[in-house]
Amino acid sequence: MSKRFSTKGLKRFFGELKRSKVGIAGFTLFLIFLLLALLFPYIGNMNDIKNWDNLQYWQDNPKAVPPCWATSNQFSTVRVVGEEKSDNLIVRTGEFENFTYKEYSFMYELKNVPPNEIIFSFNINYNSPVYVMLVLIRPDNKTLYLTGNPISGQYTSITNLFGVSPNSYTGSIRLPVSTYINNMVTDNTYILPWLQENNITLPIQDVYRLPSLAFNAIHEVLSPNMLETISPTYLTGTYNWTIMFYSTGNFTVNVKEITALGGCYGIFGTDNVGRDLFMGLIYGIRWALIIGFSVSVISVLFGGLYGVIGGYLGGKTDEILLRVAQIFYSIPILPILILLAIIFRPSIWNVISMLIIFGWPSTAIVTRSMALQIKEETYVEAAKALGASSSRILLRYIFPQVLPYLFASMALSVPGAILTEASLSFLGLGDPSIVTWGRILNEAEIAGATINGYWWWVIPPGLMITLIGLTFILIGQALDTILNPKLKR
């Protein structure tokens with residue numbers, strides 16, 4: 001057996017690894033995870049992660065909706081950011097009478113059910129009265145005015161829709177349209193007269209129900225009993241929402257964001273505050289790899305050196321080192337971590353440190369046994385006879401012999417570290433400042449995701465933990481088979 005972990009030995013090792021189907025599967029999964037972690041700034045959105053706890057940041061996302069690939073009868077969210085050219089937004093400016101105006105037409109295609117909400121967000125600056133007009137043009141070309149119409153001499157102040165000062169204001173404004181429409185004043189002023197114009201007279205009981213149904217009702221095929229139908233028929237086609245700002249003075253207004261919220265979102269859906277779970281799940285790979293690698297590499301290398309030194313030196317030194325390792329090995333780590341997390345501020349680095357402190361003894365005990373056998377080999381005895389120092393014998397003749405075992409141990413110990421951190425986070429004892437899979441599961445549990453049927457909030461993070469654990473188990477098994485000839489078929 002070669003006494004050096006030579007370059008030739010490494011080439012042979014990787015050659016055998018390439019012929020292992022288990023190893024190829026493990027390393028392929030590992031490369032996919034590594035690429036997703038490294039490329040997150042390009043395939044994800046760092047602002048989403050930085051604002052994970054900023055609930056206002058997510059207010060314009062649909063809440064607790066499934067991924068769009070899992071549902072076929074939901075409105076898919078349409079979003080326009082800024083005033084860049086878009087098929088969903090047309091911007092016009094002009095003048096009429098003594099007013100200058102800026103007008104936005106936001107359009108979406110309705111195929112089965114209407115959106116859950118439409119949100120207009122603008123940045124605006126004015127120092128003289130500004131008025132607004134909101135109008136919907138349906139696919140059947142019926143027009144519904146939801147504010148005063150300046151052409152007929154009815155002016156609606158910006159205050160009525162956005163709740164800001166009518167005479168001067170600088171900042172952002174936001175209008176949730178369904179909230180504005182599902183309102184008795186709006187219904188009595190605009191929607192009931194519009195229904196009557198279209199020969200629909202609602203019974204008195206439906207008039208009282210209208211504030212809870214109005215937003216959906218304006219998307220329905222018009223019929224006398226439209227509000228009494230359990231399964232309404234929605235009018236499919238292109239809907240055009242036009243909002244116009246106009247004033248006799250100077251003003252500036254720009255789109256911040258316009259969103260038609262649907263009943264599904266993205267690849268992994270959203271949680272109960274609207275956070276995009278895809279971002280959290282992909283970003284969680286980073287921390288899973290950081291935790292797994294840092295804990296496994298440091299604890300296994302330390303444990304390996306510790307065991308080799310004890311086994312080689314023998315005597316009282318070995319006895320003391322072995323007892324210390326056994327004491328650490330006998331301490332259950334999870335209760336200790338829970339206790340420390342309660343006492344101290346939960347921190348990911350505290351968790352990693354504790355996993356390293358309590359993670360080395362098992363490796364040390366095994367490598368000690370290996371060192372006891374290796375030090376009896378003839379080449380070690382020969383080195384001693386030639387006057388080689390203990391450090392030279394340890395580093396050149398004994399430690400390289402246990403190095404293959406350490407490689408396999410590193411791979412196999414990664415899932416344990418990831419699972420331990422996920423367990424702490426699931427119990428609410430993880431670092432609250434970072435996004436991990438365990439934290440996502442903890443928030444799902446608090447929100448009653450399993451009871452409410454939010455499967456997309458529970459299953460994907462669980463699968464991610466399982467899959468990354470499987471990855472390193474496959475790699476570890478492949479390494480173990482290659483490095484331990486007794487396991488080869």
Side-chain angles (χ1 to χ4, degrees), residues 13-14 17-46 48-50 52 67 69 266-269 271 275-301 348-349 351-352 355-356 359 406-426 430-431 433-444 455-482:
F13 166 76
F14 284 111
L17 185 63
K18 285 192 289 186
R19 289 192 291 273
S20 168
K21 293 180 180 179
V22 172
I24 291 173
F27 273 99
T28 301
L29 288 171
F30 170 68
L31 285 175
I32 292 172
F33 277 119
L34 187 63
L35 286 174
L36 288 173
L38 293 175
L39 297 177
F40 181 82
Y42 303 100
I43 62 177
N45 186 341
M46 284 304 298
D48 288 355
I49 300 303
K50 291 175 183 175
W52 196 255
W69 56 263
I267 300 174
F268 287 122
D271 62 13
R275 289 179 290 208
D276 185 354
L277 291 172
F278 172 77
M279 296 299 168
L281 291 172
I282 298 300
Y283 187 76
I285 296 173
R286 284 188 171 194
W287 280 110
L289 293 178
I290 290 171
I291 294 165
F293 273 111
S294 56
V295 171
S296 65
V297 171
I298 297 174
S299 64
V300 168
L301 282 179
I348 192 64
W349 301 114
V351 172
I352 290 174
L355 288 173
I356 292 171
L406 297 183
F407 283 150
S409 295
M410 285 178 193
L412 291 171
S413 63
V414 169
I418 295 171
L419 280 173
T420 304
E421 189 284 328
S423 301
L424 280 175
S425 296
F426 178 72
D431 191 332
S433 64
I434 64 172
V435 182
T436 64
W437 298 330
R439 180 185 169 184
I440 292 173
L441 285 171
N442 169 258
E443 291 168 345
W455 58 266
W456 59 91
W457 196 356
V458 178
I459 293 177
L463 284 177
M464 294 292 273
I465 293 172
T466 304
L467 198 57
I468 202 165
L470 176 65
T471 299
F472 286 98
I473 287 173
L474 292 175
I475 293 173
Q477 283 187 341
L479 293 176
D480 206 20
T481 304
I482 294 167

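One-based numbering along the sequence shown.
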From L36 CG over to L31 CG, what is the distance, rounded to the nearest 0.5 angstrom?
-> 11.0 Å
Drop me the distance from I282's CD1 to L39's CG, to the nearest 0.5 angstrom.
-> 11.0 Å
Smallest heavy-atom separation, A444 atom then V458 atom, equals CB-CG2, 4.2 Å
Side-chain heavy-atom pair S425, T436 within 4.5 angstrom cut-off = yes
Say you draw a straight line from CD1 of I291 to CD1 of I418; how long is it, rounded to the nearest 0.5 Å?
-> 7.5 Å
Quick one: do M279 and V435 satisfy side chain to side chain contact (heavy atoms under 4.5 Å, CB included)? Show the steps, please.
-> CA-CA 9 Å; M279 296 299 168; V435 182; over 6 Å; no
Taking C-beta and beyond as the side chain, do E421 and F426 meet within less than 4.5 Å on heavy atoms?
-> no
Quick one: closest heavy-atom pair of L441 and P461, and the distance?
-> CD2-CG, 3.6 Å
Pair F293 + F472: ring centers closer than 6.0 Å | yes
Sub-4.5 Å side-chain heavy-atom contact between L467 and F33 | yes
Contact check, side chains of M410 and L301, non-hydrogen atoms, under 4.5 Å = yes
Identify the heavy atoms of A417 and G292 that sit nearest to each other, and give their distance.
-> CB-CA, 4.2 Å
Do any N or O atoms from the side chain of W437 and from the backbone of A422 form a donor-acceptor pair under 3.5 angstrom?
-> no
Under the side-chain contact (heavy atoms from CB on, under 4.5 Å) test, which residues partner S413, sequence neighbours left out?
-> S296, V300
Residues that P460 engages under side-chain contact (heavy atoms from CB on, under 4.5 Å), provided they are two or more places apart = F268, L281
Would you please test L289 and I468 for side chain to side chain contact (heavy atoms under 4.5 Å, CB included) and show each step?
-> CA-CA 9 Å; L289 293 178; I468 202 165; 3.8 Å; yes
Does the side chain of N45 reach to within under 4.5 Å of the side chain of F40, using non-hydrogen atoms?
-> no
Nearest heavy-atom approach of A37 to I285 is CB-CG2, 3.8 Å
Rounded to the nearest 0.5 Å, what's the gap from CE on M464 to CD1 on I459? Could you check?
-> 14.0 Å
Hey, could you give me the CH2/CG distance between W52 and D276, rounded to the nearest 0.5 Å?
-> 7.0 Å
Taking the side chain as every heavy atom from C-beta outward, state whether P415 and I473 have any atom pair closer than 4.5 Å.
-> yes
Side chains of D431 and V351 in contact at under 4.5 Å (non-hydrogen atoms) = no
Any side-chain heavy-atom pair from I267 and W69 closer than 4.5 angstrom?
-> yes
Checking R439 side chain against I434 main chain: does a donor-acceptor pair fall under 3.5 Å?
-> yes
Can you measure from CG (L474) to OG1 (T28) and round to the nearest 0.5 angstrom?
-> 10.0 Å
